[in-house]
Amino acid sequence: MSNCAVVGINWGDEGKGRMVDLLTADYDVVVRYQGGGNAGHTVINDYGKFALHLLPSGIFRPGVVNVLGNGVALDPENLWKEIEEVSSRGVKISPENLKISDRASLLLPWHRMLDELEEKRLGDRKYGSTKQGIAPFYSDKYQKKTVLAGELFYPAELREHLAELLEWKNLTIERVYGAEPFTMEGLEAWLDSCCEKIKPFICDTRAFLRDSVKDGKSILFEAQLGSLRDLDGGIYPFTTSTNTIAAFAPVGAGCPSADIDRVVGIVKAYSTCVGAGPFVCEMSGPEGEALREAGGEYGAKTGRPRRVGPLDLVATRYGVELQDADEIALTKLDVLSYMDRIPVCTAYKEGGRMIKDFPFPTLLESCRPVIEYLEGWKCDIAGVKSWDALPRQAREYVEYIEKAIGLPITYISTGPERDSVIFRKEARR
Ligand code: GDP
């Protein structure tokens with residue numbers, strides 16, 4: 001059976017959750033391989049509307065096994081809250097359909113606090129973190145200063161390990177930030193509450209995935225954020241703290257032997273970007289406000305207004321390259337229905353030269369967008385389910401994008417609901 005990665009091509013919030021929810025119908029296992037509770041994957045289905053933060057978006061499909069791989073930032077407190085909340089709305093979650101890697105590192109109680117303290121220290125120069133502790137967590141993971149989920153099964157050794165980390169981390173908390181130190185009692189309370197609750201889900205997911213591959217099961221890898229937030233290829237330092245690209249999926253999932261047969265890149269019909277950092281094609285004023293309102297562009301996790309702009313073909317081509325995408329799912333096409341003409345950013349201008357290749361991050365601040373316009377369709381296409389039912393101008397917009405990025409658009413989403421989608425199998429090469 002084939003394995004697939006569903007990844008964001010741009011800055012995140014492209015509608016990955018919505019596409020994974022749709023595509024899981026064809027897969028046996030769904031794995032989140034990076035990132036943490038800072039995600040906000042919006043899914044609307046028979047159970048209602050959800051913003052999933054850590055749970056894989058396959059959790060709604062009976063028979064699908066969902067895995068949180070070793071690459072995720074496992075926040076026991078938020079994960080347990082999310083499990084309780086989603087379960088309370090009729091979704092069955094048990095160790096049968098949710099498995100947490102024993103090698104996932106735990107986001108410790110001080111990581112969120114350190115995220116907040118650092119953003120406060122930075123003031124105007126802040127990164128625009130979601131303050132979920134993700135950057136401090138990954139720094140500590142790579143310094144080998146956190147604990148693995150599997151350590152919860154070895155309480156004596158775990159307490160010794162935590163006491164060592166506590167002593168080390170309090171040096172930073174007290175001496176660098178002048179904040180209140182953490183105590184072992186506080187950590188005990190954390191262990192007794194949320195950590196105990198998630199314990200039944202923790203297992204050797206590497207072995208589970210290895211056997212799944214051997215048994216011919218199909219795996220869907222679900223990314224968080226998009227190419228331009230990739231730690232290595234993105235707009236550093238305004239990236240996330242992990243690798244969002246498909247090539248990292250087998251590593252972060254904990255099944256390095258799995259081949260990815262198909263990479264579906266998610267592109268929104270226009271651009272959005274949350275937080276600080278360069279965003280060349282940003283639209284401001286009433287034009288930007290109108291697009292933000294039409295698309296409901298407010299963060300699923302934080303409620304922050306997202307920055308908006310036209311589709312950026314320079315960034316999108318680069319994102320496609322980083323992901324090595326095979327095909328594209330274009331989302332939120334319906335949002336553009338109000339526009340008389342559709343703006344597209346086709347190139348950047350930098351110091352008198354025209355740039356078509358995504359530049360080194362430092363140069364982005366001095367880049368200006370080159371905008372071209374396509375004809376708008378000016379009629380509501382929300383919920384349209386067939387290619388032929390789309391107005392000519394909307395079809396031309398889709399074909400224009402396909403040509404500009406050199407990939408087929410095999411899905412077009414025309415609404416947030418599971419079935420508001422156009423399947424274009426004929427576009428697949
Ligand atoms: P993700 O993190 O990539 O899953 O994206 P988000 O959930 O943060 O943002 C996508 C938003 O767009 C959510 O509110 C979705 O419900 C919504 N959405 C997804 N696809 C469509 C679509 O085709 N049309 C409209 N109008 N909304 C959509």
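Every heavy atom of this structure was used, including side-chain atoms; hydrogens, water molecules and symmetry mates were not. Remember, it's 1-based here, ligands and their atoms both numbered in the order they're listed. Numbers here simply count residues along the sequence, with the first being 1.
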Residue of the set Thr239, Thr244, Asn243 for which side-chain hydrogen bond (donor to acceptor under 3.5 Å, both in side chains) holds with Asp232: Asn243
Closest candidate by heavy atom, reference atom 9 (O) of ligand 1, pool Leu225, Asp13, Val43, Leu22: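 The nearest heavy atom belongs to Asp13.
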Heavy-atom nearest neighbour of atom 24 (N) of ligand 1 within options Thr272, Ile412, Asp334: Asp334
If you measure every N or O of [X] against every N or O of ligand 1, does any of those distances drop under 3.5 Å?
{"X": "Lys49", "value": "no"}
{"X": "Leu333", "value": "no"}
{"X": "Ile44", "value": "no"}

Counting heavy atoms not belonging to [X], are there more than 12 under 6.0 Å from its [atom1]?
{"X": "Asp215", "atom1": "CG", "result": "yes"}
{"X": "Glu287", "atom1": "CD", "result": "no"}
{"X": "Lys356", "atom1": "NZ", "result": "no"}

Quick one: which ligand 1 atoms are inside 4.0 Å of a heavy atom on [X]?
{"X": "Thr42", "result": "4 (O), 6 (P), 7 (O), 13 (C), 14 (O), 15 (C), 16 (O)"}
{"X": "Ser413", "result": "20 (N), 21 (C), 22 (C), 23 (O)"}
{"X": "Glu14", "result": "3 (O), 5 (O)"}

Ligand 1-proximal atoms of Arg306, by part, heavy-atom distance under 4.0 Å: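 The answer is the side chain.
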Residue portion contacting ligand 1 (non-hydrogen atoms closer than 4.0 Å) for Thr414: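 The backbone, only.
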With Tyr348 via ring pair (Phe, Tyr, Trp, His ring centres under 6.0 Å) - residues at least two apart: none
side-chain hydrogen bond (donor to acceptor under 3.5 Å, both in side chains) pairs, two or more places apart, involving residues 55-65: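 Qualifying pairs: Thr24-Arg61, Ser57-Glu222.
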Donor-acceptor pair between Thr316 and Asn10 side chains, under 3.5 angstrom: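 Yes - a donor-acceptor pair under 3.5 Å links their side chains.
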Contact check, Gly415 vs ligand 1, heavy-atom distance below 4.0 Å: yes
Phe423 ring center within less than 6.0 Å of Trp387 ring center: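 Centroid separation for Trp387 and Phe423: 6.0 Å or greater.
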